[in-house]
*Asks:* 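Got a structure for you, questions after.
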Amino acid sequence: MTENETASTTHFIKAIIEEDLAANKNDGKVATRFPPEPNGYLHIGHAKSICLNFGIAQTYNGTCNLRFDDTNPTKEDVEYVDAIMEDVHWLGFDWQDRLYYASDYFERLYEFAVELINAGKAYVDDQTADQIRENRGTLTEAGVDSPFRNRSAEENLDLFKRMRAGEFADGSRVLRAKIDMAHPNLIMRDPTLYRIRKTSHHRTGDAWCIYPMYDFTHCLSDSLEGITHSLCTLEFENNRPLYDWVLDNVTPPCHPQQIEFARLNLTFTVLSKRKLIQLVEEGYVSAWDDPRMPTICGLRRRGYTPESIRNFCDRIGLAKRDSVVDVALLEYSIREDLNKRAPRVMGVLNPLKVVIENYPEGQVDELEAVNNPEDPSAGVRKVPFSREIYIERDDFMENPPKKFFRLGPGREVRLRYAFFVTCTDVIKDETSGEIVELRCTYDPATRGGDAPDGRKVKATLHWVSAAHAVEAEVRLYDRLFNKPNPDEKEEGKTFKDFMNPGALEIRTGCKLEPCLADVGPGYFCQFERLGYFCVDSKDSAPGALVFNRTVTLRDAWAKLQKKG
Ligand code: ATP
Ligand code: MG
């Protein structure tokens, strides 16, 4: 897929908006919003919605509001509000001065409720929650009218005011819309609009003890903000008639159009705040920003860039039917971005010492290395070479099988940017038999990595000079789940039974090129042959570097494409 193809991505929502613009609907304005509930951190699914809403505003010269849908005081927290704002900004979007909270509308919403009551379209119901549920009926049976359904407007208004004043206990009464208890859509069977919750709210404190329900709040908040297109995920399709009913039965400033799109599902991933919060609270991961998490802050700490996430959201497109996107596409997006931008350096994550016996003690060669073959402007750097170096343990085999072309006894290989070396001896620990060191000779004529006599070697290894190496801890991350669909129901199991125990492997004592001595959070690079890595933003410190592996170099997506 080329840049141009992604940039020109079009989809059914853009088609609707373009039609509306052509008809001069909404005076030719486009206003969207991103409406998170501050009850958890944002995840990659939210990124899809953010890119869609803010992206549409950009494309059509419109506006996009950030609105916290904070109507449930029991689950919400300022910690989440702050994190959500940080994540939206980090993704590259800005709501400017249009930061709103549904809780700012509580007074207006109350007035709309009073309007419904006065029009005989809402009533206070004294039934218990259980009774209300029982009397709702089923898909095949009509519901039963509440015995309180025909209260007079005066009585309803009096009770509603007293609900607000705190006269009644939690759960003892609700305000319901008076629609139709036999409606084929169960959501329309006199839905609850307000409930009593004597709980402090993170913004309104104890000013309210009745809280409006989502379906009542959302459409009216949209209207109060002059939203033209209210984009939401498919699970709200059945709520659309209620969205419209509320707006049709009060006098709102405008009537936005709700349009549903398919939510993002990803293989090997769960995308539900309810489930992600369990992973955090039950200690399966270290925090919301654990680099294994599909949260925006987790992906950021893992080394994903905003560009890669935006490109991913472009690529997956927008559909009306649910589907599952291969997580390999997300990994491809970051690999593609970092391939262009990440400097290449050498790091040995599982070091094996090599002594080059014919290299003079105390001598250091400064060898020239290319910083990024994809970007000539990145230039070159010097890498020190000396008598003792480290190579990757996996790059040596004492008894190499047929297809192993790297180092073995008597074999010659190239050290990247440096020299050809030949293994002359293997030193082992006497008791354990473990290989602890290799002895090699080098050919000074191959400086830079080529033999003047034209002889070839079958492998090029990365390496780090022992005397110059920077020590680091490297955390190798992998997919958090080992089942393609961890959400799938299985007898006696939950998604937590499918966690990948190998999703985090910690390597200490890694040896890195000396140019990394002073890097800090925000730094990312490719360790040649191993993958893309970044400095951990929380645990790394000067002198005690911690790197995270963002992604390996193996492109599972390209493979899939070829097979397909
Ligand atoms: P979750 O299911 O993870 O708890 P939610 O829908 O309850 O998410 P909200 O905070 O209400 O989370 O979501 C804010 C916006 O993000 C909504 O418009 C919602 O439709 C959208 N959104 C949430 N999850 C996804 C997803 N997986 N794909 C696309 N959009 C999503
Ligand atoms: Mg929600």
Side-chain angles (χ1 to χ4, degrees), residues 11-13 31-57 64-72 74-77 79-85 87-88 91 93 95 100-103 202 213-215 217-219 221-222 225 227 229-240 243 256-281 288 293-299 309-310 312-325 327 329-330 485-487 495:
H11 49 65
F12 76 101
I13 293 183
T32 58
R33 84 288 171 268
F34 173 63
E37 188 181 346
N39 61 352
Y41 281 64
L42 298 182
H43 53 62
I44 182 75
H46 294 112
K48 175 176 180 176
S49 177
I50 292 168
C51 289
L52 173 66
N53 281 293
F54 282 93
I56 291 234
C64 180
N65 301 352
L66 175 62
R67 181 203 314 141
F68 287 102
D69 223 320
D70 56 348
T71 54
N72 184 356
T74 55
K75 289 193 184 156
E76 295 163 3
D77 206 305
E79 175 197 345
Y80 300 134
V81 169
D82 294 342
I84 288 169
M85 291 200 275
D87 288 349
V88 174
L91 277 173
F93 298 106
W95 53 90
Y100 300 112
Y101 294 84
S103 57
H202 70 103
M213 301 298 286
Y214 172 86
D215 285 312
T217 310
H218 201 83
C219 54
S221 303
D222 280 347
E225 290 175 19
I227 300 302
H229 300 84
S230 179
L231 314 179
C232 64
T233 37
L234 273 180
E235 68 271 22
F236 293 102
E237 197 170 7
N238 290 334
N239 303 57
R240 182 164 15 106
Y243 186 103
Q257 180 184 2
Q258 173 176 311
I259 306 170
E260 306 88 17
F261 63 92
R263 68 195 289 114
L264 171 67
N265 300 299
L266 265 186
T267 58
F268 298 99
T269 311
V270 299
L271 290 183
S272 148
K273 283 184 283 190
R274 196 175 51 76
K275 289 181 177 160
L276 295 176
I277 205 166
Q278 290 177 48
L279 297 180
V280 177
E281 287 181 349
W288 283 99
M293 289 282 273
T295 48
I296 305 292
C297 55
L299 291 166
I309 294 177
R310 292 200 304 262
F312 169 74
C313 291
D314 255 352
R315 285 205 170 99
I316 57 178
L318 203 72
K320 281 190 237 192
R321 205 171 302 161
D322 274 320
S323 66
V324 183
V325 173
V327 72
L329 180 60
L330 179 63
N485 179 4
D487 280 322
F495 70 102

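Both ligands and their constituent atoms are indexed starting at 1 by order of listing. When a residue number appears, it is its place in the shown sequence, counting from 1. Worth knowing before you read on, the calculation uses all heavy atoms, side chains too, and leaves out hydrogens, waters and symmetry mates.
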*Asks:* Is the shortest N/O to N/O distance between Cys232 and ligand 1 below 3.5 Å?
*Replies:*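 Not met; the criterion fails.
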*Asks:* Can you find a pair of side-chain heavy atoms, one from Phe12 and one from Phe261, that are under 4.5 Å apart?
*Replies:*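 In contact.
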*Asks:* Below 4.5 Å, heavy atoms only, C-beta onward: do Leu271 and Asn265 meet side chain to side chain?
*Replies:*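 Not touching, per the 4.5 Å side-chain cut-off.
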*Asks:* Report yes if the side chains of Lys273 and His46 come closer than 4.5 Å at any heavy-atom pair, otherwise no.
*Replies:*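 Of all side-chain heavy-atom pairs linking His46 with Lys273, at least one is under 4.5 Å.
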*Asks:* Just wondering, do Tyr41 and Val280 contact through their side chains at under 4.5 Å, heavy atoms?
*Replies:*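 No - every pair of side-chain heavy atoms lies 4.5 Å or more apart.
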*Asks:* Are Ser221 and Arg67 side-chain neighbours, meaning at least one heavy-atom pair lies under 4.5 Å?
*Replies:*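 Ser221 reaches Arg67 side chain to side chain.
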*Asks:* Side chains of Tyr243 and Asp222 only: does a donor on one sit below 3.5 Å from an acceptor on the other?
*Replies:*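 The answer is yes; a qualifying pair exists.
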*Asks:* Just go through Leu318, Leu264, Leu231 and tell me whose heavy atom is the nearest to atom 27 (N) of ligand 1.
*Replies:*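 It is Leu264 that holds the nearest heavy atom.
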*Asks:* Could you tell me which atoms of ligand 1, counted from 1 in the order shown, lie closer than 4.0 angstrom to a heavy atom of Thr233?
*Replies:*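 This gives 19 (C), 20 (O), 29 (C), 30 (N), 31 (C) as the contact atoms.
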*Asks:* Is the shortest heavy-atom distance from the side chain of Phe54 to the side chain of Arg310 under 4.5 Å?
*Replies:*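 They are not in contact (no side-chain heavy atoms under 4.5 Å apart), so the answer is no.
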*Asks:* Does any N/O atom on Glu37 come nearer than 3.5 Å to any N/O atom on ligand 1?
*Replies:*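 Yes, at least one N or O pair falls under 3.5 Å.
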*Asks:* Does ligand 1 come near enough to Pro35 that some N or O of the ligand is less than 3.5 Å from an N or O of the residue?
*Replies:*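 It does not: no N or O of Pro35 is found under 3.5 Å from an N or O of ligand 1.
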*Asks:* Is the shortest heavy-atom distance from the side chain of Asp322 to the side chain of Arg263 under 4.5 Å?
*Replies:*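 Yes. Closest side-chain heavy atoms under 4.5 Å.
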*Asks:* Is Glu235 close to ligand 1, meaning an N/O of one under 3.5 Å from an N/O of the other?
*Replies:*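 No; every N/O pair is 3.5 Å or more apart.
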*Asks:* Using distance alone, determine whether Asn39 and ligand 1 share an N or O pair under 3.5 Å.
*Replies:*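 Asn39 vs ligand 1: no N/O contact under 3.5 Å.
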*Asks:* Against heavy atoms of Leu271, which atoms of ligand 1 measure under 4.0 Å?
*Replies:*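 Here the atoms of ligand 1 in question are 3 (O).
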*Asks:* Could you list which atoms of ligand 1 come closer than 4.0 Å to a heavy atom of His46?
*Replies:*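 Near His46, meaning under 4.0 Å from one of its heavy atoms, ligand 1 has 8 (O), 9 (P), 10 (O), 12 (O), 13 (O), 14 (C), 16 (O), 22 (N), 23 (C).
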*Asks:* I want to know if ligand 1 touches Lys273 in the polar sense, i.e. an N/O pair below 3.5 angstrom.
*Replies:*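 Yes.
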*Asks:* Tell me which one of Gly45, Ala47, Ala262, Gly40 gets a heavy atom nearest to atom 30 (N) of ligand 1.
*Replies:*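 Answer by nearest heavy atom: Gly45.
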